[in-house]
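Worth knowing before you read on, the calculation uses all heavy atoms, side chains too, and leaves out hydrogens, waters and symmetry mates. Labels below follow one simple rule: chain letters A, B, ... track the order of the sequence lines, proteins then strands, and each chain is numbered from 1. None of the values given here were measured: they were computed from a predicted structure.
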Amino acid sequence: MNSQNRAATPAQDIHHLERQRRENRGKIPAGLDPYGSRLDGIIPLAEAVDRYDEQADQAYQASAAARKAAEKSGDGGVPEVVDERPRVRVAGRVVLHRDNGKLVWINLRDESRDSFQIAVSKRDCDEAGFAVAKATDLGDVIAAEGPLMRTRAGEITVWADSVLPMAKCLVPPPEKRAGLSDVELRYRQRYVDLWATPESMRVFRLRSELVSAARRHLDGLGFMEVETPMLQAQAGGAAARPFITHMNALDIDLYLRIAPELYLKRLLVGGMRRVYEINRNFRNEGLDKQHNPEFTMLELYEAFGDMESVMRITEDLVRALARVAAEHLGAPGARLPFGDLEIDYEKPFDRVRYGDLFERALGFPMSDIDKVRAKAEALGLRVRDEKGEPLDDVFIVNEVFEEAAEPALDPARPTFITHYPAKLSPLTRPNRDDPTLADRADLFIGGMEIAPHYTELNNPDVQAEKFREQLSGIDDEESTFRTFDEDFVRALKVGMPPAGGMGLGIDRLVMLLTDQRSIRDVVLFPLMRPEGLNAGEPGDGRESSE
RNA sequence: GGGGGCGUAGCUCAGUCGGUAGAGCAGUGGCCUUUUAAGCCAUUGGUCGGGGGUUCGAGUCCCUCCGCCCCUACCA
């Protein structure tokens, strides 16, 4: 079964450190597969620590000592050794290896614990297991079994009587104390980062728990989780550039979705009352600390609700998730560090009207358009469109708003910005009392836009008109992917109940709740330029420059 | 797109004014049955990201390409 040992890599191409590891693999006793096989009953390392029984350990030590003393005195009547220490079977990556000759100390790591010690003694372990322990390299995956004891130095340890190889690590691992700090390697080889950098594993474990908790929370509110198309003939629901692909069977171009919105609303038409989807969106735009081309979005819609009702859902949800994260830090409540900030999710979130925030930050109202334009010029902002035409007032206002007012928010206070100008949100339902305002509220936390909320438009005629307005004045490139969604208007004609909707950027929320500054540190496999395609072609530099 | 920075052993990093490439960890050989960043002795390991240039001489200076990071811009 050990055919894998003889994988045909030419010897001269193998790095000497890998060759050495291949040789060490060969030292594993015949009859044991270096790549192991199914092993039941393995418990997490953290649980092994919990199972330690102080009394049983002391009773064992005492009875072993008594037996030894009796043997020594030779008076007969040697007592039985009482060993009721709990036995455990554990497995993990070898992160430390101290070979004392006839006693080998190995520290394992798994998802649950950074380090857990096993001792492999020539006297007490079976022969093959001892040989495995001697041949073990840092980074190997092994399993061990034995009683739980405490060493003289006080560390809870498995005193192994059996050790089994589970997987050889042929690639030399990162430095044992510094771990992997090269960010490029961490992203490209996440499989190394996860085991070699405990902090990285913690972030992704917490991310998983947060997403689970979000589902539980929403399910508890009577929401139904659904899945809608990622391959779409029209990329709607947002104003981003989509990725394009081709379907051979129908010979049509398809787009990777930029948002699930228009499909989720169709479900409200069909009669679903509360729906949500947690899934990937794809946007063919720039990469930075807050943007990955594929990112995870939670969108939810509540029939017979509105912006206010979904704002309440979001606030409760975010607070519940913050509590999960705080529990991980061993802190009660929901106060979490984010860089230099401490963000308090427990107190009611702040609310500020768009216009009020503008006036508070700038010192004059947004209606004072002369001052707004002067400020825009002073800030060096864009005041004309691509064709050189002056931008509409409301867009200038928004440029100034984003440049000068948004940063005036307290980043440590989760804040909803409400009452956006209607012209900024062309697809949103205008406010019933003041049609110049849109029923839209954006949640900001830590200086990041986390979640927009809307009272959804459900009048098919208004929707059709909005689509038409949006399509007028787009350029050729945009027109290839921005189209009028006839079917969506037809759905609205069937009748969609009034509704509130929300979209929450899961990656950004996870950044906040795990205190990570880059989206790449909360995405397991962030997009990277592929390795080795054009790297270092001889002479390519000179040729392309001349 | 614009600007700045970085790239040296498997990993983490030094490398002075341009003068024969260094450390720790890891690895290898040896000793060691309570170590825990184990220890002690010995020791292997380099396309200094690729290419070109200047120079008697380049890890170091210049050009260029590749990759990554940061800032900025774009992004409902």
Exercise for the section: Name the residue closer to the 5' end of RNA chain B, choosing between A/Leu180 and A/Arg21 according to the nucleotide with the nearest heavy atom. Expected result: A/Leu180
Practice task
Tell me what A/Asn284 touches on the nucleic acid: a base, only sugar-phosphate, or nothing, going by heavy atoms under 4.0 Å.
Solution key: nothing
Handout entry: Rounded distance in Å between the C1' positions of B/G46 and B/G4
Key = 30 Å
Problem - Protein-nucleotide distance (A/Ile14, atom CD1; B/G27, atom P), rounded to Å - result: 19 Å
Handout entry: Close side-chain approach of A/Asn24 and A/Gln20, heavy atoms under 4.5 Å
Key = yes
Practice task
For the pair A/Glu155 and A/Arg150, find out whether any cationic side-chain nitrogen is under 4.0 Å from an anionic carboxylate oxygen.
Solution key: no
Exercise for the section: Output yes when at least one side-chain N/O atom of A/Gln20 is less than 4.0 Å from OP1 or OP2 of B/G27, else no. Expected result: no
Problem - Spacing of A/Leu148 atom CG relative to B/U34 atom P, expressed in whole Å - result: 21 Å
Problem - Nearest-0.5 Å distance that lies between atom CZ in A/Phe358 and atom NZ in A/Lys375 - result: 9.5 Å
For nucleotides 21-24 of chain B, which of its nitrogen or oxygen atoms have a protein nitrogen or oxygen under 3.5 Å away, and what is each distance?
unit_1: B/G24; atom_1: O2'; unit_2: A/Arg177; atom_2: NH2; d: 3.1

Problem - Candidates B/U12, B/C70, B/U34 - which lies nearest the side chain of A/Lys289 - result: B/C70
Exercise for the section: Taking ring-ring contact (aromatic ring centres under 6.0 Å, His included) as the test, write out the residues that go with A/Phe243, two or more places apart. Expected result: none
Handout entry: Bracket notation of RNA chain B in which parentheses pair within the strand, [ ] cross earlier pairs, and | pairs with another strand (Watson-Crick or G-U, under 3.5 Å)
Key = (((((((..((((.....[..)))).(((((.......))))).....(((((..]....))))))))))))....
Practice task
Determine: side-chain N/O of A/Lys176 to OP1/OP2 of B/A26, distance under 4.0 Å, yes or no.
Solution key: yes
Problem - Below 4.0 Å: OP1/OP2 of B/C75 and any side-chain N or O of A/His291 - result: no
Exercise for the section: Please state how far atom CD in A/Glu449 lies from atom P in B/C75, giving the value in whole angstrom units. Expected result: 13 Å
Exercise for the section: For the pair A/Arg429 and A/Asp306, find out whether any cationic side-chain nitrogen is under 4.0 Å from an anionic carboxylate oxygen. Expected result: no
Practice task
May I ask you to say whether A/Arg202 pairs ionically with A/Asp114, meaning some side-chain N is under 4.0 Å from a carboxylate O?
Solution key: yes
Problem - Short side-chain N/O contact to B/C32 OP1/OP2 from A/Lys134, under 4.0 Å - result: no
Handout entry: Under 4.0 angstrom between A/Arg517 side-chain N/O and B/C70 OP1 or OP2
Key = no
Exercise for the section: Inspect the contact between A/Asp485 and A/Arg266 and indicate whether a charged nitrogen and a carboxylate oxygen are less than 4.0 angstrom apart. Expected result: yes
Problem - Rounded interatomic separation in angstrom, taking CD from A/Gln189 and P from B/G67 - result: 18 Å
Practice task
Would you please say whether a donor-acceptor pair under 3.5 Å links the side chains of A/Arg257 and A/Thr228?
Solution key: yes
Exercise for the section: Could you tell me whether the phosphate oxygens of B/G67, OP1 or OP2, come under 4.0 Å of any side-chain nitrogen or oxygen in A/Arg529? Expected result: yes
Exercise for the section: Would you mind reading off the distance between A/Gln290 atom CD and B/C75 atom P, rounded to a whole angstrom? Expected result: 15 Å
Handout entry: First of A/Ala238 and A/Leu287 reached from the 5' end of RNA chain B, by closest nucleotide
Key = A/Leu287
Problem - Salt-bridge contact A/Arg188-A/Glu184 (side-chain N to carboxylate O under 4.0 Å) - result: yes
Exercise for the section: Kindly state which residues belonging to residues 94-108 of chain A come within less than 4.0 angstrom of RNA chain B, counting heavy atoms of the residue only, listed by number. Expected result: A/Leu96, A/Arg98, A/Asp99, A/Asn100, A/Gly101, A/Lys102, A/Leu103, A/Trp105
Exercise for the section: Before accepting this row, confirm whether a basic side-chain N of the pair A/Arg241/A/Glu285 lies closer than 4.0 Å to the acidic partner's carboxylate O. Expected result: no
Handout entry: Exceeds 12 heavy-atom contacts within 6.0 angstrom, atom CG of A/Asp434
Key = yes
Exercise for the section: Not counting sequence neighbours, list each pair that qualifies as a salt bridge (charged side-chain N to carboxylate O under 4.0 Å, His left out) and has a residue in residues 445-454 of chain A. Expected result: none
Handout entry: Short side-chain N/O contact to B/C13 OP1/OP2 from A/Ser181, under 4.0 Å
Key = yes
Handout entry: Selection: residues 46-65 of chain A, any non-hydrogen atom under 4.0 Å of RNA chain B
Key = none
Handout entry: Span that lies between the C1' atom of B/G51 and that of B/G67, in whole angstrom
Key = 15 Å
